[in-house]
Amino acid sequence: MPLFGSTKETRVDYSRLPRHIAIIMDGNGRWAKSRGLPRTAGHAVGAETFRTIATYCREIGIEYLTVYAFSTENWKRPMEEVSAIMGLLKKYLLEAIADMEKEKVRFVFFGDLSPLPAELRELAEETQRRSAGYEGCQVNICLNYGGRDEILRAAKALAAECVEGKRSPDTMTEEDISNHLWSAGVPDPDLVIRPSGEVRLSNFLLWQSAYAEFYVTDVSWPDFSKEDLRKALAAYQGRSRRFGGV
Ligand code: IPE
Ligand code: IPE
Ligand code: MG
């Protein structure tokens with residue numbers, strides 16, 4: 001069993017990695033504020049962290065990485081901050097498109113893109129379309145995403161199919177719900193990471209995280225490094241996942 005890493009805390013067995021890692025990219029604003037910078041400066045550094053961590057996940061062979069970029073509740077923020085986040089997402093997607101051939105990352109967006117600025121929405125759709133055939137890591141970007149919104153949409157779609165006579169409520173299964181979520185076809189996350197000290201899900205992957213291992217750290221997202229990811233992986237590998245069994 002190959003074991004790498006400088007200390008026990010970061011010793012990772014690369015033959016037993018989680019298939020799917022999900023990250024709540026939190027703490028950008030506080031990171032910036034503590035340095036006397038505007039919150040948007042934190043978002044810019046956070047976008048760089050995302051690049052580093054996504055590349056690292058691809059390199060070590062993680063199959064699925066899901067990141068929370070903008071929630072259905074984040075529209076409550078001041079307009080200037082929302083616009084800055086949308087601008088950064090646009091910049092990132094333009095860079096991702098340029099790197100696509102080399103990286104072979106498949107991008108998928110979870111969330112209703114229709115309220116986004118048209119240019120960003122089109123870029124997101126183009127990125128998803130152009131990368132659909134790539135067989136490297138799949139990166140799911142949660143954008144205008146909310147776990148409750150996602151479940152509500154699934155419930156509405158299933159109810160409509162019942163009304164149309166295409167299915168019956170009696171025979172509905174958990175799998176039917178899974179298949180109507182943005183994440184249809186993606187295995188549930190094994191590990192959910194939240195940097196920046198908050199210990200809550202904030203409406204992230206509510207259905208899918210039923211048996212995910214949760215890892216929280218006080219390190220803020222702009223400071224989150226490959227070493228921090230290795231710590232999360234080492235902690236994950238030390239857990240005993242029982243799924244309700246013994
Ligand atoms: C996460 O960082 C990024 C988004 C929610 C878009 P925050 O902006 O929530 O940063 P904090 O939590 O206020 O520090
Ligand atoms: C969750 O973080 C959303 C993203 C990281 C995109 P928030 O900062 O919005 O969550 P709360 O408000 O602390 O719960
Ligand atoms: Mg936050």
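When reading the values below, keep in mind they use all heavy atoms of this one structure, side chains included, and skip hydrogens, waters and symmetry mates. Whatever order the structure lists them in is the order used to number ligands and atoms, beginning at 1.
For the pair E80 and R77, the salt-bridge criterion is not met [side-chain N within less than 4.0 Å of a carboxylate O]. A salt bridge links E198 and R30; the closest N-O separation between the charged side-chain nitrogens and carboxylate oxygens is under 4.0 Å. Under 4.0 Å is where a charged nitrogen must lie from a carboxylate oxygen, and between D99 and K104 no such pair does.
The shortest side-chain heavy-atom distance between K91 and L123 does not fall under the 4.5 Å cut-off. The shortest side-chain heavy-atom distance between I151 and L206 falls under the 4.5 Å cut-off.
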Determine whether E213 and R241 satisfy the following criterion, salt bridge (charged side-chain N to carboxylate O under 4.0 Å, His left out), listing intermediate values before the conclusion.
CA-CA 8 Å; E213 295 298 326; R241 300 185 78 187; 3.8 Å; yes
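The protein heavy-atom contact nearest to atom 2 (O) of ligand 2 is R194 NH2, 3.6 Å. At the top of the distance list for atom 14 (O) of ligand 2, counting protein heavy atoms only, stands S202 OG, 2.6 Å. The protein non-hydrogen atom at the shortest distance from atom 5 (C) of ligand 2 is M25 O, 3.5 Å. For atom 10 (O) of ligand 1, the nearest non-hydrogen atom of the protein is G29 N, 2.9 Å. For atom 8 (O) of ligand 1, the closest heavy atom belonging to the protein is R77 NH1, 2.6 Å. Counting only heavy atoms of the protein, atom 12 (O) of ligand 2 lies nearest to R200 NH2, 4.6 Å. Closest to atom 9 (O) of ligand 2 among all protein heavy atoms lies N74 ND2, 2.9 Å.
By the 4.0 Å heavy-atom criterion, K76 is excluded from the residues contacting ligand 2. R30 does not count as a contact of ligand 2, since none of its heavy atoms falls under 4.0 Å from the ligand. The shortest separation from a heavy atom of S196 to ligand 1 is not under 4.0 Å, leaving the residue out of contact.
Less than 6.0 angstrom separates the ring centroid of F70 from the ring centroid of W75.
Side-chain contact annotation: Y92 with E48, donor-acceptor N/O pair under 3.5 Å absent. Side-chain polar atoms of S178 and W207 form a donor-acceptor pair below 3.5 angstrom.
If you number the atoms of ligand 1 from 1 as listed, the ones under 4.0 Å from a heavy atom of A69 come out as 6 (C). For ligand 1 and I85, the ligand atoms under 4.0 Å from any heavy atom of the residue are 6 (C). Close approach of ligand 2 to F70 is summarised as follows: ligand atoms under 4.0 Å from at least one heavy atom of the residue are 6 (C).
Below 30°, between 30° and 60°, or above 60°: for F204 and Y145 the angle between ring planes is above 60°, a perpendicular geometry.
Contacts with ligand 1 closer than 4.0 Å are made by no heavy atom of K33, backbone or side chain. Contact annotation: for F204 versus ligand 2, there are no heavy atoms closer than 4.0 Å.
In terms of polar-atom proximity, W31 is not counted as a contact of ligand 1, lacking any N or O under 3.5 Å from an N or O of the ligand.
Of all the N, O or S atoms in D26, the one closest to the Mg ion (ligand 3) is OD1.
More than 12 heavy atoms of other residues, nucleotides or ligands shown are found within 6.0 angstrom of CZ on R35.
By heavy-atom distance, the residue among R39, E198, E73 lying nearest atom 13 (O) of ligand 1 is R39.
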